[in-house]
Every structure is written in structure tokens, then in C-alpha cells.
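Structure record follows, encoded as C-alpha cells.
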Amino acid sequence: MRLSRGFIPTIKETPSEAQIASHRLMLRAGLVRQTSAGIYAWLPTGLRVLRRIEQIVREEQDAAGAQELLMPTIQSAELWRESGRYDDYGAEMLRIVDRHSRDMLYGPTNEEMITDLVRQSVKSYRDMPLNLYHIQWKFRDEVRPRFGVMRGREFLMKDGYSFDTDREGAVLAYRKMMLAYMRTFQRMGLKAIPMVADTGPIGGDLSHEFIILAPTGESQVFYDGDFEAIDWIGSTFDYAKTEDMERFFQTMTSYYAATDEKHDTAKWAEVPAVRRREGRGIEVGHIFYFGTKYTKAMNVTVTGSDGKPFHPEMGSYGIGVSRLVGGIIEASHDDAGIIWPDSIAPFAAAILNLKKGDATCDRVCEQLYAALGADALYDDRDERPGVKFNDADLMGHPWQIIVGPRGAAAGKVELKRRAGGERSEVTPEEALARVRATR
RNA sequence: CGGGGCGUGGCGCAGCCUGGUAGCGCGCCUGUUUUGGGUACAGGAGGUCGUGGGUUCGAGUCCCGCCGCCCCGACCA
């Protein structure tokens, strides 16, 4: 993308409504614009980030054996009346009446719909286990939306649902998802800590929420710092082996981790002081095992190996995709702006042409841009260097390839790493190689 | 839902108390200048003052209603 042609409206001044770092930076870097309370338009750069997060989620879900589908945002009230949640859900559910006076709603979640879909087509125990997910917009009419996309009313969520023949199978599905989540968050450069959670209105008796530390978090969290060091991506746990999932689950739950409402001071005291981590946390994922709650309520039965009908066991698994954009920025920024992790940066590198119109600078920049293609943001604007430096820092590209007249004449460019600030004089080829190595 | 606040050009704000020709900074456009961390100068464009009603000779300013948005708290992926 050529910045001179891109719709990337950065702003110099801090918008008055934004109180937290991620919200401020998302507005200033031109990622989003608010259109109503808690509702945001995603501008090209913001959408790129959202897509990259989605893609990581998708790859890890697929690797864990889940299948992607896509359910609608608008649902009929009928299904919700069947599960009993149409009345239970309360004012948070956005209710809509269509032209035929039918009660509809904008889905806050999809348990009922997926259960209905499975009910229509799954008739035998042979059709399970089944794990289905989609990445779709949700709407929850929060009383008080705030913190930008972290507490929006409309948000993008990955929600998945597992169906198994028995509790044992459901627990296995739960553990697989847990590992998939650890890998997903690690790939985004996040240290997400699973904590035992209340099951809330979704119901069930086994639940973990995945929490990342952020000063604006909604709850106080406590956990064993040794947990952070575990490399889930490099681990050898195999989804296909039940004993691996068992071992994984034991490893994971052997560390202390709790939110304030579940905090156990006695157990906390057993954690060595140097390993105790404490702070505010925001929830970026939540998984539930809820047994036959919905399959019973909605009368889903399949035939077992003994020829008798039974209710499948369910679990549900959510990741707040749009919230993660804010969460990642909260976890990775400085005074100058965003510091994108390589895996989700909208552009791998920015090419800064410090002297547009200088034949050598222009030529070197064009060559770099041609080589990196769509993964580069070429700042070809007729602006002063300071403006470009500041915008590049603000937008947080992992790399800045700085092309000035002096260096360019000598066949060199300056490569700057946004995260640590290190700079080095290298040839354009070397700069390309180093940028590619981290993407 | 309880409490508080704000709607004036794209952004940030002043003007309102005490009614009388709508202003400042930034941004934007043109030109000159500058060229490695938001340059300087000159000229220019851009506003139904959220909205409806009322008071008044006259309303951004006073009064009433409505709408929108933000902040604190309780609640939430």
C-alpha cells in the first residue's frame, strides 16, 4: 500500500473520548472510527489486523480438528424460546421485529442455532465427535460500552461448539480447545493465563477464562509466573492422543491461577514469592463444558451404539477476536504508539522515503516496495521526515526501512526495529531478508 | 440502572454567566521555504452553533422538551 493513496487517516491529537491507550492509539493510527456507542467501523489497516488475528485463530482451530462454518447474525426468537433463554437473556439481547411482526434478534451467541443445526442432521453416535466454529459478529447491548473495541456492543467473536457422545468425549474436546487456545494466544505474542471461572448464564460445570494482563483489566488476577515460560507451540502434545491431552491438562492446571473472586490466599501463599504475578486482567477467551443443558432443553437426541436415543454432551469455546486487537495494543505499545507483534502487524514493514523526488531515494524505495508487495506500507507522501517517523512509530510496523539521500547514494538504507528501537545500516537486500525472516 | 459531564468548521477548544455581524490552535487547499524526528511565512476554503419549540426587536448565549456521546459505579466475550 502506498500511503499517499491509502485510506489511513492518522490523527495527531488525542480524541477526547478515548481514555485508554489502546482506544486512543486505534483512533490515532487510523484503525477504527466509532459510528455509535460501542459500535465501530474498521478502516483498512484495522481490518488487516482483524483478518490476521482471525487467520491465526482459524489455523489453530483447524489444527485441533474443529470445522469452520458461518451462521447468520440475525436469528429467530423461536429457538431461544425453546431453550428458555429468550426471556432469561434480558436487555442485553437486541430484539428486532420484522415486517411480518415476527420476533427476531441479533445474535449475542449461537448455542441455540448450532444445536438446531446439529439436531437437523446428526442422527447417530457415529457422526460424533463434532466440533464446529464460526467467526461472526455478535451484538450484546451493553449498558455501558467503553474502552473502544474492548467493550463494544458489536464485536467479532470466534465461537465454537463441540458435540460428543459422553462426558469423557466432551472433556477431551474441552482439553483440545484449551491447548488450541494456548497456542493461538502465544502466536499473537500474548501471555494468556487460563483461570477457573464461573459458568454464568451459559451454564455448565467446567469453565476457564483466558486472561491477559492489562492495566485497564476488569478484574484482579493472581497467577504463578512460571506459567508464562511454557512454550505451547513447541510442545509435543498431540491432539490425537488422549493421554497427551490428559498430561497437557494436568500440566496446565498445576499452576496457581485465579481471578479475585476465586482467589485462595492459602494456596497463593504456597507459590514462591518471586513467581507471584498479580495485576489487572482482561478476558480474551472463555471455554465451557455444559453437558446436556441445551441438547435436553431443545430435545436433541441421537441414536447410540445400543440403538437407544441419548442427548449429546456439549461444550462451547469463545475468543473475542475484535477485543484482541485492543488487548494486544494494551500489552504492546509505548509513548510513541503501537508496537505490533510480527504475527499480526497490518504491514510487515514501512518504507520511509525521506526525500521524495530524489531520484536515488525514489528508485531504492520502489525496488523495496516491489519486493515486499502488499505486506509493505510505502510512505511515499511529500512530507517531512519527522512526520513520517512519527506516523510509522504510531502505526507500529515491526520494521521501518528508512531511505534517505545520503545512505541511498552509498547503497545503504537504515533498518529500524520498532520493538527495541535498534537501528542498523544495511543494504536493501539485507533489509528485505531481515524483514522476511520475521514474517 | 444510579451519579456526573459534554454537543460550536475534520480534530482539540474559547465564546454562554451579563442576548447585539461566530473566534483561536492544529489539520486541509495554493504558493514560497525547509529536507533525518510533527519547519517557517503568505494567501485561501470550510460552520443549519445536536435538534424541536418558547421568550425577545434580536438567541450559540435565556427557558422547556427530545436526541446523541463521554466519564465514575454496579454488570458483562
Side-chain angles (χ1 to χ4, degrees), chain A residues 9-20 23-24 27-28 30 33-39 57 89-93 107-111 135-160 181 192 197-202 207-212 217-219 259 261 281-288 316-327 335-337 352-358 361 379 381-394 400 402-408 413-414 416 421 423 425:
Chain A
T10 59
I11 43 185
K12 201 148 108 178
E13 290 170 74
T14 302
S16 61
E17 75 270 20
Q19 298 297 308
I20 66 167
H23 189 195
R24 256 191 330 261
L27 292 169
R28 289 193 53 212
R33 286 293 183 265
Q34 183 178 124
T35 63
S36 302
I39 302 179
V57 168
Y89 219 94
E92 269 200 10
M93 185 153 72
T109 178
N110 287 66
E111 278 85 2
I135 300 173
Q136 178 63 290
W137 292 93
K138 304 290 187 290
F139 196 94
R140 293 185 191 174
D141 200 357
E142 296 280 345
V143 205
R144 192 187 156 209
R146 65 182 120 175
F147 303 149
V149 300
M150 303 241 286
R151 274 291 291 284
R153 293 194 294 171
E154 187 187 53
F155 58 96
L156 186 60
M157 176 166 137
K158 186 286 293 188
D159 46 319
Y181 276 33
D198 282 326
T199 51
I202 294 185
S207 174
H208 283 83
E209 47 191 2
F210 294 76
I211 289 182
I212 60 175
E218 47 219 13
S219 53
T259 56
E261 68 259 29
I282 47 176
E283 183 180 342
V284 291
H286 203 154
I287 61 179
F288 303 86
S316 85
Y317 316 92
I319 291 180
V321 174
S322 50
R323 169 179 284 191
L324 274 167
V325 180
D335 290 344
L352 308 192
N353 187 340
L354 295 193
K355 190 162 186 176
K356 186 155 191 282
D358 178 277
C361 283
D379 191 345
R381 294 175 300 174
D382 189 15
E383 285 287 354
R384 292 184 50 87
V387 175
K388 299 191 177 189
F389 289 136
N390 282 314
D391 272 348
D393 286 350
L394 172 63
Q400 293 170 20
I402 301 161
V403 182
R406 283 198 302 273
V413 298
E414 184 177 325
K416 177 184 166 186
R423 302 151 179 270
E425 289 265 311

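The sequence lines fix the lettering, A, B, ..., with proteins before strands; numbering per chain opens at 1. All values reported here derive from a predicted model rather than from experimental measurement.
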Whole-angstrom distance between B:U51 and B:G7, as gauged at atom C1': 11 Å

Can you tabulate the close N/O pairs, meaning under 3.5 Å, that link protein atoms to atoms of nucleotides 69-75 of chain B?
unit_1	atom_1	unit_2	atom_2	d
B:C69	OP1	A:Ala37	N	2.8
B:C69	O3'	A:Gln34	OE1	3.1
B:C70	OP1	A:Gln34	OE1	3.1
B:C70	OP1	A:Gln34	NE2	3.2
B:C70	O3'	A:Glu17	O	3.4
B:C72	OP2	A:Arg144	NH1	3.4
B:C72	OP2	A:Arg144	NH2	2.2
B:A74	N6	A:Arg146	NH2	3.1
B:C75	N3	A:Arg151	NH2	3.2
B:C75	N4	A:Arg146	NH2	2.6

Sugar-phosphate only, base, or nothing, as touched by A:Arg423 at under 4.0 Å among non-hydrogen atoms: base

Partner set under ring pair (Phe, Tyr, Trp, His ring centres under 6.0 Å) for A:Phe155, not counting sequence neighbours: none

Integer-rounded Å distance: B:G38 P and A:Arg28 CZ: 14 Å

Whole-Å C1' distance, B:G60 and B:G23: 12 Å

Set of side chain to side chain contact (heavy atoms under 4.5 Å, CB included) partners for A:Glu154, sequence neighbours left out: A:Ile39, A:Tyr106, A:Trp137, A:Phe139

A:Asp379 CG - B:G38 P separation (whole Å): 15 Å

For B:C75, the Watson-Crick or wobble counterpart (both distances under 3.5 Å): none

Nucleotide nearest A:Lys355 (side chain, heavy atoms from C-beta), chosen from B:G38, B:G37, B:U35: B:U35

Sugar-phosphate only, base, or nothing, as touched by A:Lys416 at under 4.0 Å among non-hydrogen atoms: base

Sidechain-backbone polar pair: A:Arg24 side chain, A:Gln19 backbone, donor-acceptor under 3.5 Å: yes

P gap between B:G52 and B:U8, integer Å: 15 Å

For atom CG of A:Leu352 and atom C1' of B:U35, their distance in whole Å: 14 Å

Distance between C1' atoms of B:G47 and B:C13 (Å, rounded): 15 Å

Under 4.0 Å protein heavy-atom contacts per nucleotide of nucleotides 24-34 of chain B, with B for base, S for backbone only and - for none: -BBS------B

Shortest non-hydrogen contact between A:Gly152 and A:Glu142, atoms and distance: O-CG, 4.0 Å

Sugar-phosphate, base or nothing in reach of A:Asp393, heavy atoms under 4.0 Å: base

Length of the line joining A:Arg24:CZ and B:G12:P, which is rounded to integer Å: 14 Å

Base-pairing mate for B:A40 - Watson-Crick or G-U, with both contacts under 3.5 Å: B:U32

Under the side chain to side chain contact (heavy atoms under 4.5 Å, CB included) test, residues paired with A:Arg381 that sit two or more places apart: A:Leu3, A:Ser4, A:Asp379, A:Glu383, A:Val387, A:Lys388, A:Asp391

Set of salt bridge (charged side-chain N to carboxylate O under 4.0 Å, His left out) partners for A:Arg423, sequence neighbours left out: A:Glu414

Pairwise C1' distance for B:C62 and B:G19, with rounding to whole Å: 8 Å

Nearest-angstrom distance, C1' atom, B:G25 to B:C72: 30 Å

Short side-chain to backbone donor-acceptor contact, A:Thr10 and A:Arg28, under 3.5 Å: no

Backbone N/O of A:Gly318 and side chain of A:Tyr181: donor-acceptor pair under 3.5 Å: yes

Sugar-phosphate, base or nothing in reach of A:Gly318, heavy atoms under 4.0 Å: nothing

Listed partners of A:Arg153 passing salt bridge (charged side-chain N to carboxylate O under 4.0 Å, His left out), at least two apart: A:Asp141

Touch class at under 4.0 angstrom, heavy-atom based, for A:Gly152 against every strand present: base

Whichever of A:Val284 and A:Val387 has its nearest RNA chain B nucleotide further upstream toward 5': A:Val387

Listed partners of A:Lys158 passing salt bridge (charged side-chain N to carboxylate O under 4.0 Å, His left out), at least two apart: none

Pairing residues for A:Asp358 by the salt bridge (charged side-chain N to carboxylate O under 4.0 Å, His left out) criterion, not counting sequence neighbours: none

Sugar-phosphate, base or nothing in reach of A:Leu354, heavy atoms under 4.0 Å: base

For B:G7, the Watson-Crick or wobble counterpart (both distances under 3.5 Å): B:C67

C1'-based separation of B:G4 from B:A40 [nearest Å]: 44 Å

Whole angstrom value for the distance that separates P of B:G38 from CG of A:Asp382: 17 Å

d(CG, A:Asp335; C1', B:G38) in whole Å: 16 Å

C1'-based separation of B:A22 from B:U61 [nearest Å]: 12 Å

Sugar-phosphate, base or nothing in reach of A:Asp391, heavy atoms under 4.0 Å: base

Partner nucleotide of B:U21 by Watson-Crick or wobble geometry (both distances under 3.5 Å): none

